[in-house]
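In what follows, a structure is listed as structure tokens, so that the remarks can point back to it.
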Amino acid sequence: MCAVESFYFINESQVFVAVGGSKQDIRERIWDYMESENVADFPRPVHHRIPNFKGASRAAEHFPRLQVFRTARTIKVNPDAPQKNARFLVLDSKKTLLVPTPRLRTGLFNRITPPPGANKEMLRKCATSQGVRDFSVPVGLDSRVLVDLVVVGSVAVSEKGWRIGKGEGYADLEYAMMVSMGAVHEGTPVVTIVHDCQVVDIPEALLEDHDLTVDYILTPTRVISTGCKRPKPAGITWSKISPEMLGKIPVLRSLRDREKRAGKDVALQAEHQPFLGSASQHPALPGTVRRPHDAPRPGADSLEAACGPREGEDAPTATVCVGNLPHDARVRDLKRALRELRVAPLQLSWRGPQHRALLHYRDLAAAQQAVSCLQGLHLGDSALTVALARPHNKSPGGCPGS
């Protein structure tokens, strides 16, 4: 069945989620609610983002009142819009502000360095996304920086400290990398700043070992001390890192070399994994993929030979066509969505150059269920088209309109 559960709106400031929904269910409901109730703020729509919201600056005003803020000297704050005022307050308090590099492309984080004698107006400029680009210097692995307090963005968070991000896994990976380089430890507090409607009931069963938890939640109306006892990531789980991800993040390669020299197990995720399996077997951190424009392996229509039915399983008899894939789409994005919606097919055929994929199911009922669950699914800014393939169509894959 499609893992969609109802939300129960208690009032305008709080939402409770029925147990049983997937992470993606919770994300979509939060994004939809924030847009429909007009609590979302620029940039909009907030879907597929750490959502900005009206009242974000007010929520951040709680930040300097926390004892952990007062005693901290170096604070890492994520670069998303709802944390802009938090970044300003760090600078205004004469503390060291670190901001992660977007998608970790050029390093782990940068230190914001305001001009000498900067007034509050200039500090506010330094706290913007443009200011982060204009007034920062990279922090190298050999800097021996110690982070006293971490601020992360969230799509949803529970009063127990469970957190759900936008689904790409970068905040979890950033924290794991900081552990690996000795910048944080188990006792380093983690704060998130959200709208009241983002504080929800999250089933603990959805959490995985690499998921980062939070110690404090700041909203426009509340300060929540979660008292979370669930262990935070103890470092990088290399078996969950793909060769492609390693290739895109130079600092990750450097950390791997260090840990390898220290005798740690740094074996990466298997280059080709079976598609089927539980969410715990397929973590939310970016997985192994091939770029859409890569040529298929000779004699293989599907992306992975392991995507086919296993011994003893029925062969697929019904196909769903997913179209309008973005030009930069990666198969891991689609695979993750299918797992979270619990509509994983027996076999997936990736046809990136045609901006579509074919999902092969055991029977028509399973395919129809997948079509129902996938309606409205987005990858990036693209709304995907989803339809049952025509079995007798002569065009490749039998997809409508192909």
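In what follows, residues are counted from 1 in the order of the sequence shown.
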Problem set entry | Spacing of K84 atom NZ and T128 atom OG1 [to the nearest 0.5 Å] | 7.0 Å
Exercise. Passes side chain to side chain contact (heavy atoms under 4.5 Å, CB included), L255 versus M181? Steps please.
Worked result: CA-CA 7 Å; L255 287 171; M181 66 184 286; 4.0 Å; yes
Exercise. Are L338 and V343 close enough that some pair of their side-chain heavy atoms sits under 4.5 Å apart?
Worked result: yes
Problem set entry | With sequence neighbours excluded, residues passing ring pair (Phe, Tyr, Trp, His ring centres under 6.0 Å) with H62 | none
Exercise. Between Q198 and F53, what is the shortest heavy-atom contact and its length?
Worked result: OE1-CD2, 3.8 Å
For this session: Nearest 0.5 Å please: distance from the CG atom of L359 over to the CG atom of L388.
Result: 10.5 Å
Problem set entry | Lys NZ or Arg CZ of K125 over F135 ring: under 6.0 Å, within 45° | no
Problem set entry | Under 3.5 Å donor-acceptor, T319 side chain and L358 backbone | no
Problem set entry | Close side-chain approach of L173 and I241, heavy atoms under 4.5 Å | yes
Exercise. Can V145 and F109 be said to form a side chain to side chain contact (heavy atoms under 4.5 Å, CB included), step by step?
Worked result: CA-CA 11 Å; V145 63; F109 36 57; 3.9 Å; yes
For this session: Enumerate the residue pairs fulfilling salt bridge (charged side-chain N to carboxylate O under 4.0 Å, His left out) with a member in residues 42-70, sequence neighbours excluded, ordered by first and then second residue.
Result: E35-R44
Exercise. To the nearest 0.5 Å, what is the distance between CD1 (I75) and CG (L149)?
Worked result: 5.0 Å
For this session: Can you sort out the partners of E204 under salt bridge (charged side-chain N to carboxylate O under 4.0 Å, His left out), two or more places apart, ordered by chain and number?
Result: R230
Exercise. Any Lys/Arg nitrogen of K240 or E208 sitting under 4.0 Å from an Asp/Glu carboxylate oxygen of the other?
Worked result: no
Problem set entry | With R258 via salt bridge (charged side-chain N to carboxylate O under 4.0 Å, His left out) - residues at least two apart | D142
Problem set entry | Side chain R27, main chain G165, donor-acceptor under 3.5 Å | yes
Problem set entry | For K160, side chain to side chain contact (heavy atoms under 4.5 Å, CB included) partners two or more places apart | S158, W162
Exercise. Between the side chain of T226 and the main-chain N/O of D215, is any donor-acceptor distance below 3.5 Å?
Worked result: yes
For this session: Give the C-alpha distance, both sets of side-chain angles, the deciding distance and a yes or no for side chain to side chain contact (heavy atoms under 4.5 Å, CB included) between V184 and V190.
Result: CA-CA 10 Å; V184 297; V190 177; over 6 Å; no
Seminar exercise, completed: The ring pair (Phe, Tyr, Trp, His ring centres under 6.0 Å) partners of F88 (sequence neighbours excluded) come to none
Exercise. What distance do W238 atom CH2 and K260 atom NZ have between them, rounded to the nearest 0.5 Å?
Worked result: 11.5 Å
Exercise. Looking at side-chain heavy atoms only, is the closest gap between L325 and Q354 below 4.5 Å?
Worked result: no
Seminar exercise, completed: For C126 and P115 the tightest heavy-atom approach is SG-CD, 4.1 Å
For this session: Answer yes or no: is there a donor N or O on one side and an acceptor on the other, between the side chain of R163 and the main chain of T213, under 3.5 Å?
Result: no
Exercise. When rounded to the nearest 0.5 angstrom, what is the spacing between CD in E174 and CD1 in I249?
Worked result: 9.0 Å
For this session: State, to 0.1 Å, how close A56 and I193 come at their nearest heavy-atom pair, and which atoms those are.
Result: O-CG2, 4.3 Å
Problem set entry | Over all atoms of both residues, closest heavy-atom pair of Y361 and L346 | C-CD1, 4.3 Å
Exercise. Could you walk me through whether I236 and L252 pass the side chain to side chain contact (heavy atoms under 4.5 Å, CB included) check?
Worked result: CA-CA 9 Å; I236 301 169; L252 192 58; 3.8 Å; yes
Exercise. Taking C-beta and beyond as the side chain, do I50 and P82 meet within less than 4.5 Å on heavy atoms?
Worked result: yes
Just list the side-chain donor-acceptor pairs under 3.5 Å for residues 117-124, sequence neighbours left out, or say none.
from : atom 1 : to   : atom 2 : distance (Å)
N119 : OD1    : E121 : N      : 3.2
N119 : OD1    : M122 : N      : 2.8
K120 : NZ     : D92  : OD1    : 2.8
K120 : NZ     : D92  : OD2    : 2.8

For this session: Step through the shown structure and confirm whether more than 12 heavy atoms of other residues, nucleotides or ligands are within 6.0 Å of CG on D209.
Result: no
For this session: Under the salt bridge (charged side-chain N to carboxylate O under 4.0 Å, His left out) rule, collect the residues that match up with R73, sequence neighbours excluded.
Result: none
Exercise. Checking D41 side chain against N52 main chain: does a donor-acceptor pair fall under 3.5 Å?
Worked result: no
Exercise. With no hydrogens and no angle check, is any side-chain donor or acceptor of R256 less than 3.5 Å from a backbone partner on V266?
Worked result: yes
Exercise. Quick one: CD1 on I164 to NZ on K23, what's the gap to the nearest 0.5 Å?
Worked result: 6.5 Å
Problem set entry | Side-chain donor-acceptor pair present, T219, D196, cut-off under 3.5 Å | yes
Seminar exercise, completed: Applying ring pair (Phe, Tyr, Trp, His ring centres under 6.0 Å) to Y175 and not counting sequence neighbours gives none
Problem set entry | Any P114 side-chain heavy atom under 4.5 Å of L91 side chain | yes
Exercise. Are the side chains of R87 and V151 in touch, meaning some heavy atoms are under 4.5 Å apart?
Worked result: no
For this session: Compare every heavy atom of A156 with every heavy atom of I30, then report the nearest pair and how far apart it is.
Result: CG1-CB, 4.3 Å
For this session: Work out which heavy atom in P326 is nearest to a heavy atom in L384; give both atom names and the distance.
Result: CD-CD2, 4.4 Å
Exercise. Can you tell if the side chain of E37 reaches within under 4.5 Å of the side chain of H195, non-hydrogen atoms only?
Worked result: no
Problem set entry | Pairing residues for E259 by the salt bridge (charged side-chain N to carboxylate O under 4.0 Å, His left out) criterion, not counting sequence neighbours | none
Seminar exercise, completed: Test side-chain contact (heavy atoms from CB on, under 4.5 Å), reference T74, set D148, L146, V139, output is D148
Exercise. Excluding sequence neighbours, so at least two apart, what forms side chain to side chain donor-acceptor pair (under 3.5 Å) with H47?
Worked result: D32
Exercise. Has the side chain of S93 got a donor or acceptor atom that lies under 3.5 Å from a matching backbone atom of V90?
Worked result: no
Exercise. Given side chains that start at C-beta, do those of L218 and V191 come closer than 4.5 Å, heavy atoms only?
Worked result: yes
Exercise. For L341, does its backbone N or O pair with a side-chain atom of Q24 as donor and acceptor, under 3.5 Å?
Worked result: no
For this session: Give a yes or no on whether the backbone of L212 and the side-chain of D172 come within a donor-acceptor separation of less than 3.5 Å.
Result: yes
Exercise. Between the side chain of K166 and the main-chain N/O of G153, is any donor-acceptor distance below 3.5 Å?
Worked result: no
For this session: Not counting sequence neighbours, which residues clear ring pair (Phe, Tyr, Trp, His ring centres under 6.0 Å) with Y216? List them please.
Result: none
